[in-house]
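Down below is the structure, laid out as C-alpha cells.
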Amino acid sequence: MVKLHDLEFEPYLDQKTLQKSVKQLAERICADYTTKTPVFLGILNGAFMFLSDLMKYYEGDCEISFTKLASYEGISSTGEVSTLLGAGNLKGKDVIVVEDIVDTGNTLEHIVDVLKNEGVASYKIASLFLKPEAYKKTLPIDYVGIEIPNKFIVGYGLDYNGLGRNISEIYQLKSNLND
Ligand code: IMP
Ligand code: MG
C-alpha cells in the first residue's frame with residue numbers, strides 16, 4: 001500500500017509484467033521499422049520511464065525527442081490540452097509518439113494535429129497503457145502494451161498530482177475509494 005497526498009493505492013502490476021510488455025512492444029516496432037530510422041517522441045512527463053526502457057530493448061537505429069503536454073489535474077482529465085514544450089523540427093521524419101497511457105485521447109488528438117502541421121513523413125502511436133472504456137476517439141493506437149479498466153493508476157512514470165512517478169511498479173487507486 002502507498003499513500004500519495006490524500007489517496008491510498010494498492011499494488012496492481014509488477015515489474016516483470018511491465019518489462020515483458022515493454023520488450024514485446026520494442027520488438028514489434030523494430031520489426032515494422034527495419035527500413036526506417038524512427039524518431040521516438042516521448043510525451044513528458046509521464047512517458048519518461050516507459051521510453052527509457054523501450055529504448056533499451058529497441059535494437060534498430062532511432063532518434064529520441066520529447067514534448068511536454070498537460071491535460072490532467074488530480075485524477076481526471078480537464079479536456080483542455082496545452083503544449084508546454086515543443087518537439088523541435090520533425091519535418092520529414094517517421095515519428096512514433098510514445099505515451100504512458102491513453103485515457104480520453106484528448107492528448108493524442110492534440111499531438112497528432114501538431115505532427116500534421118509539422119509535415120512529418122509518417123506517424124504512429126505507442127502507448128504502454130490504454131483504458132478502452134474511457135477512450136472516446138477514433139484515432140487508431142498502433143502499439144498498445146496493456147489494456148486496463150477505467151481505474152486511476154500511478155507508478156512507472158505516472159503520477160497523482162506530481163507524486164508516484166518514481167515507483168517502479170504500477171499501483172491502482174484503492175477500489176473502495178475508486179467506485
Ligand atoms: P487523455 O488526454 O485523457 O488521453 O489523458 C492522457 C494523459 O493523462 C496521460 O498521458 C497521463 O499523463 C494522464 N493520465 C491518464 N490516466 C491516468 C492514470 O490513470 N494515472 C495517471 N495519469 C493518467
Ligand atoms: Mg502524460
Side-chain angles (χ1 to χ4, degrees), residues 1-15 17-18 21-22 25 39-55 64-87 95-116 123-179:
M1 197 78 64
V2 295
K3 189 157 191 278
L4 303 172
H5 300 292
D6 54 327
L7 297 180
E8 287 188 335
F9 295 82
E10 58 196 5
Y12 180 44
L13 298 169
D14 63 14
Q15 286 193 49
T17 307
L18 295 174
S21 179
V22 175
L25 282 175
V39 180
F40 287 93
L41 180 64
I43 312 300
L44 293 172
N45 294 327
F48 80 96
M49 212 177 269
F50 169 42
L51 181 58
S52 167
D53 283 340
L54 188 71
M55 293 300 86
I64 299 168
S65 189
F66 292 95
T67 186
K68 183 162 179 166
L69 307 172
S71 74
Y72 246 66
E73 264 170 36
I75 61 167
S76 61
S77 177
T78 60
E80 301 270 315
V81 183
S82 51
T83 304
L84 306 177
L85 169 72
V95 176
I96 300 170
V97 177
V98 180
E99 259 285 30
D100 49 358
I101 185 164
V102 175
D103 184 27
T104 62
N106 288 330
T107 307
L108 268 194
E109 200 160 70
H110 179 87
I111 187 82
V112 164
D113 282 346
V114 171
L115 294 180
K116 284 180 181 163
Y123 65 84
K124 284 199 177 183
I125 293 153
S127 184
L128 180 55
F129 298 108
L130 172 67
K131 294 179 184 171
E133 292 160 35
Y135 190 57
K136 298 194 187 90
K137 314 288 180 190
T138 50
L139 200 70
I141 302 160
D142 306 279
Y143 305 101
V144 176
I146 301 170
E147 293 194 350
I148 61 166
N150 202 0
K151 286 199 172 179
F152 192 77
I153 58 171
V154 293
Y156 199 68
L158 292 118
D159 72 306
Y160 167 49
N161 276 349
L163 297 183
R165 294 193 195 278
N166 58 321
I167 301 169
S168 51
E169 313 194 321
I170 294 288
Y171 280 66
Q172 68 175 358
L173 193 56
K174 258 186 86 176
S175 28
N176 56 334
L177 296 169
N178 203 27
D179 297 330

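Just follow the structure's listing: the first ligand is 1, and inside any ligand the first atom is 1. Heavy-atom basis, side chains included; hydrogens, waters and symmetry copies ignored.
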- Message: Treating D142 as the side-chain partner and I125 as the backbone partner, does any N or O pair qualify as donor plus acceptor under 3.5 Å?
- Response: yes

- Any I101 heavy atom less than 4.0 Å from ligand 1: yes

- Task: Please confirm whether I153 comes under 4.0 Å of ligand 1, counting heavy atoms of the residue only.
- Result: yes

- Query: Quick one: are I148 and I101 in side-chain contact, heavy atoms under 4.5 Å?
  - Reply: yes

- Assess D159 for proximity to ligand 1: is some non-hydrogen atom of it under 4.0 Å away? yes

- What atoms of ligand 1 come closer than 4.0 angstrom to any heavy atom of K151? 19 (O)

- Provide the closest heavy-atom pair for G155 versus I170 in the form atom of the first, atom of the second, distance. O-CD1, 3.4 Å

- Do any heavy atoms of K131 fall under 4.0 Å from ligand 1? yes

- Task: Please tell me if the side chains of L128 and D100 come closer than 4.5 Å, counting only heavy atoms from C-beta onward.
- Result: no

- Task: Mind checking whether D103 contacts ligand 1 via backbone (N, CA, C, O), side chain (CB onward), both or neither, at a 4.0 Å heavy-atom cut-off?
- Result: both

- Message: Angle between ring planes, F9 versus Y160, binned at 30° and 60°: parallel, tilted or perpendicular?
- Response: tilted

- Message: Below 3.5 Å, N or O to N or O, backbone or side chain included: is there any such pair between G105 and ligand 1?
- Response: yes

- Atoms in ligand 1 flagged as close to E99, the criterion being non-hydrogen separation under 4.0 Å: 10 (O)

- Query: So, the side chain of K68 versus the backbone of N45: is there a donor-acceptor pair under 3.5 Å, distance only?
  - Reply: no

